[in-house]
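Just the heavy atoms: all of them, side chains too, but no hydrogens, waters or symmetry mates, feed the values below. Numbers restart at 1 for each chain; the letters A, B, ... are given by sequence-line order, proteins then strands.
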Protein chains: 2
Amino acid sequence: MQKPKTRRGEERRDAIVHAAAKLIYERGLRGTSLEDILRAADAGKSQMYHYFSSKDDLAAAVLEHQLAQVLGQQQQFRLETWSGLRAWFDALLEGQKARELRGCPVGSLAVEMSATSEELKARVADAFLRWQSTLEQAFEKMRSRGLIETDATPAELAQTTLAAIQGGYLLSTAEQDLQPMARSLKLAYTHLRSLIPKPSP
Amino acid sequence: MQKPKTRRGEERRDAIVHAAAKLIYERGLRGTSLEDILRAADAGKSQMYHYFSSKDDLAAAVLEHQLAQVLGQQQQFRLETWSGLRAWFDALLEGQKARELRGCPVGSLAVEMSATSEELKARVADAFLRWQSTLEQAFEKMRSRGLIETDATPAELAQTTLAAIQGGYLLSTAEQDLQPMARSLKLAYTHLRSLIPKPSP
DNA sequence: GCTACATTGGACCGAGCGGTACAATTGAGC
DNA sequence: GCTCAATTGTACCGCTCGGTCCAATGTAGC
């Protein structure tokens, strides 16, 4: 409903979002009740409805939180270098293994939210486009530095790379096997490497 | 609970599964109540519980139904030929457009089911592996006919192709734009084409 | 047309859901 | 230490959910 106006309020709001993110990631959005979340956050209903207007509103905040987590981790890598890109892919794979093949914290939430209201659908689209745009910037840097050379636009590369990531997550979660994701990421990496300009003889 | 033992029973069971598949595809599994489904199928609760032991049991039947639909359509194409493969990709894209970017009938259900019980998770894995195996067979045919030549196993090609499809679906649904799926499928196709053996000079 | 079983209608249930109301409590700034 | 807005505890609400029960009805095969 409204933003926290004190330090303490902010911390409580964050605690609710954190607990919600964790539970929703594990059980899905519809599979997680407000009461579960509030119990986990050690908060009461009045607190939640003080900061969020509805469960959907909280869900939107959780989506933002998850995206921020992903982008935060991503920022630790210099994606515009080959070694950075590879390290990032490796980290995604490690994360998926560590989280027991439960899927992408943003992607799986997005699927469920897109099947709900128009409002949430729009929020999901916005979140994904922002994610895509961070990749686009990295590929644009690579292009301008001569690391890659292709007719494909950076936007196109960002889309196909993100699709490979999401497809990898989904298949690896569905089949309960890390391999499909490993292979999908490897293919995406190999494809990008194939765009390295040929040395002119 | 038990299988239909008459013609009429079978039709009613099918009607329930059909209605469930449609609504669940539109609103998600948890977002669809039994009462919604039964109203749409013009059936009563006792009918549903006569043929299914629970909502999860019905969900498993819906997954089977959706997979059968997908494999049925797929069978109309000769995937082991380049033109057939391309036509299939085009058809997937057309379907996603026609269904208003709502995603893969199997994939989106799989995401939600995997976040639920262990039982459903196992069913999802089985379904996906069966889908994957049909692709694997097609690629194996291509390989044995000399259409492709690669170190990658048919199983590996099937996995990466399926991942590209699912990633394309997910991104296109999330961003509410057909383009990411179009590009993801195009990339998958191009990659497979790159495996055409070089004519020995 | 009898019989045995498959099928169906519909009332009912307890639990849990998202959401509301309101009074009590806290604490920052003066 | 007063004041007043920010924050919190708690009881409550109406509704919908998945699931149960059992009597009524249809019907295939004899």
Side-chain angles (χ1 to χ4, degrees), chain A residues 1-21 23-24 26-63 109 112-113 115-117 119-120, chain B residues 1-21 23-24 26-63 109 112-113 115-120 123:
Chain A
M1 211 60 151
Q2 34 192 329
K3 293 184 179 177
K5 308 203 170 173
T6 71
R7 177 80 178 254
R8 187 160 123 263
E10 202 169 332
E11 280 168 2
R12 294 315 290 140
R13 200 198 104 114
D14 282 359
I16 292 172
V17 172
H18 271 78
L23 290 179
I24 289 173
E26 288 168 6
R27 317 179 188 174
L29 177 56
R30 299 252 186 189
T32 309
S33 75
L34 286 181
E35 269 137 15
D36 288 342
I37 293 168
L38 296 173
R39 199 177 312 121
D42 195 31
K45 270 205 179 152
S46 59
Q47 293 183 64
M48 190 238 142
Y49 279 98
H50 192 65
Y51 299 115
F52 306 97
S53 63
S54 65
K55 192 188 181 185
D56 277 4
D57 191 27
L58 173 59
V62 168
L63 180 69
L109 182 52
E112 211 174 342
M113 285 175 70
T116 316
S117 71
E119 162 75 14
L120 288 187
Chain B
M1 214 57 152
Q2 33 193 328
K3 292 185 179 175
K5 308 206 169 172
T6 72
R7 175 79 177 252
R8 186 160 125 263
E10 201 169 334
E11 281 169 2
R12 295 314 290 141
R13 200 197 104 112
D14 282 358
I16 293 172
V17 172
H18 271 79
L23 289 179
I24 289 173
E26 287 168 6
R27 316 178 188 174
L29 177 56
R30 300 252 186 188
T32 309
S33 74
L34 285 181
E35 269 137 15
D36 287 343
I37 292 168
L38 297 173
R39 200 178 311 122
D42 196 32
K45 272 209 178 146
S46 59
Q47 292 182 66
M48 191 238 139
Y49 279 97
H50 192 66
Y51 298 116
F52 305 97
S53 64
S54 65
K55 192 188 181 185
D56 276 3
D57 191 27
L58 173 59
V62 168
L63 179 71
L109 182 52
E112 212 174 342
M113 285 175 70
T116 317
S117 72
E118 290 298 318
E119 163 75 15
L120 288 187
R123 296 239 190 194

Problem - Minimum side-chain heavy-atom gap A/Arg13-A/Gln47 below 4.5 Å - result: no
Practice task
With rounding to the nearest 0.5 Å, note down the distance linking CD in A/Glu112 to OG1 in A/Thr32.
Solution key: 8.0 Å
Handout entry: Atom pair distance, as rounded to whole Å: CD1 in A/Ile37 and C1' in C/dG16
Key = 14 Å
Practice task
Can you tell me the distance, in whole Å, between the NE2 atom of A/His50 and the P atom of C/dA23?
Solution key: 17 Å
Handout entry: Nearest-angstrom distance from the residue atom OH of A/Tyr51 to C1' of D/dT7
Key = 6 Å
Problem - Neighbour count >12 (heavy atoms, 6.0 Å) for atom CZ, B/Arg123 - result: no
Handout entry: Distance, nearest 0.5 Å, that separates CG of B/Asp57 from NZ of B/Lys55
Key = 13.0 Å
Practice task
Please determine which of B/Leu63, B/Leu58, B/Leu109 meets the side-chain contact (heavy atoms from CB on, under 4.5 Å) test together with B/Ile24.
Solution key: B/Leu109
Problem - Heavy-atom donor-acceptor pair, B/Arg12 side chain to B/Ala41 backbone, under 3.5 Å - result: yes
Sub-3.5 Å pairs of nitrogen or oxygen atoms, protein against nucleotides 24-30 of chain C:
none

Completion exercise
CG of B/Leu38 to CE of B/Met48, rounded to nearest 0.5 Å, is 7.0 Å
Practice task
Mind listing the closest non-hydrogen atom pair of A/Ala61 and A/Phe52 along with its distance?
Solution key: CB-CE2, 3.7 Å
Exercise for the section: Rounded to the nearest angstrom, tell me the gap between atom CG in A/Leu58 and atom C1' in C/dG19. Expected result: 14 Å
Fill in the blank from the handout: Letter by letter from the 5' end, nucleotides 11-25 of chain D scores (B base, S sugar-phosphate only, - none; protein heavy atoms under 4.0 Å) ------SBBB-----
Completion exercise
Rounded to whole Å, the CZ-P distance (A/Phe52 to C/dG18) equals 15 Å
Exercise for the section: Report yes if a side-chain nitrogen or oxygen of B/Gln47 is closer than 4.0 Å to either non-bridging phosphate oxygen (OP1 or OP2) of C/dT8; otherwise report no. Expected result: yes
Handout entry: Length of the line joining B/Ile16:CD1 and C/dT8:C1', which is rounded to integer Å
Key = 11 Å
